[in-house]
Amino acid sequence: MQIGTGTSTNPYTQSGMALSEKETQDFKSKIQSGEISGKTLSQAYLVEYSLKIESYSSNNLQAQSAPFDLAKVKDILSSIDFEAIGYTGKPIADMTPDEAKVLVSEEGYFGVTQTSDRLANFVLSGGGDDLERLKAGREGIINGFNEAEKMWGGKLPDISYETLEKALAKIDEKITAIGGKILDATV
């Protein structure tokens, strides 16, 4: 699943589900009859939200680490929907090593600050004050990070770990502020 597929290219909005009129009526009938409960519907939305965050996180972290190993760049770059994560600059595959270094520098689009802000803001804007959604978003970032490690083939560059730590700290701050607790602070 790629964030940004569907009707919206904005990764902070949910993609639309195009249902036919009959499917819409069948769905409404199932809700009215109690076949689909509010709890089931909420859980389905939570799962979708978590999967989107996982994908978004994985794409951002992969893009952040791509310039470090040129042998892996083409593989990783082909799997990332850069537009969905908001990057519209020069194609990374066409960059010189110096241009790529600027991109992951502290002030660069894929630097620690901007990438951690994108990840945390994605979760915070989608989760609002809903503790379960915030925790699901936090878990989605960790799952996306783990997925990026698998695709990378092992330990990611240090910048990715710094980014993860900074993004999770922002989310943890919000969770704590609304009375939640973080039980598993490890990755």
Those residues that, when tested against Lys90, pass salt bridge (Lys or Arg N to Asp or Glu O under 4.0 Å) (two or more places apart)
Glu99
What is the distance from atom CD of Glu149 to atom CG of Leu164, rounded to the nearest 0.5 Å?
9.0 Å
Taking every heavy atom of Ala120 against every heavy atom of Ala167, the minimum-distance pair comes out as CB-O, 3.8 Å
Looking only at side-chain N and O atoms, does Thr88 offer a donor or acceptor that is under 3.5 Å from a partner on Glu83?
no
Could you tell me which residues satisfy side chain to side chain contact (heavy atoms under 4.5 Å, CB included) with Leu131, sequence neighbours excluded, listed by chain and number?
Lys135, Ile175, Ile178
Say you draw a straight line from CD of Glu139 to CD1 of Ile171; how long is it, rounded to the nearest 0.5 Å?
12.0 Å
Shared hydrophobic cluster for Phe82 and Ile159 (ILVMFWY, side-chain gaps under 4.5 Å):
yes
ring-ring contact (aromatic ring centres under 6.0 Å, His included) involving Tyr109 - partner list, sequence neighbours excluded:
Tyr87
Side-chain donor-acceptor contact under 3.5 Å, Thr115 with Lys166
no
Using the test side chain to side chain contact (heavy atoms under 4.5 Å, CB included), find all partners of Glu107 that sit at least two apart in sequence or belong to another chain.
none
Contacts of Thr176 that satisfy side chain to side chain contact (heavy atoms under 4.5 Å, CB included) - sequence neighbours left out
none
pair Phe110-Arg118: side-chain heavy atoms closer than 4.5 Å:
yes
Going by side chain to side chain contact (heavy atoms under 4.5 Å, CB included), name the residues that satisfy it together with Lys155, two or more places apart in sequence or in a different chain.
Asp158, Tyr161
I need the Glu162 CD to Thr113 OG1 distance, nearest 0.5 Å.
9.5 Å
Distance in Å, Arg133 CZ paired with Ser125 OG, rounded so as to fall on 0.5 Å steps
9.5 Å
Give a yes or no on this: more than 12 heavy atoms of other residues, nucleotides or ligands lie within 6.0 Å of atom CD of Gln25.
yes
Measuring from Glu173:CD to Leu168:CG, what's the distance to the nearest 0.5 Å?
13.0 Å
Treating Ile, Leu, Val, Met, Phe, Trp and Tyr as nodes and any side-chain heavy-atom pair under 4.5 angstrom as an edge, say whether Ile80 and Val104 lie in one connected cluster.
yes
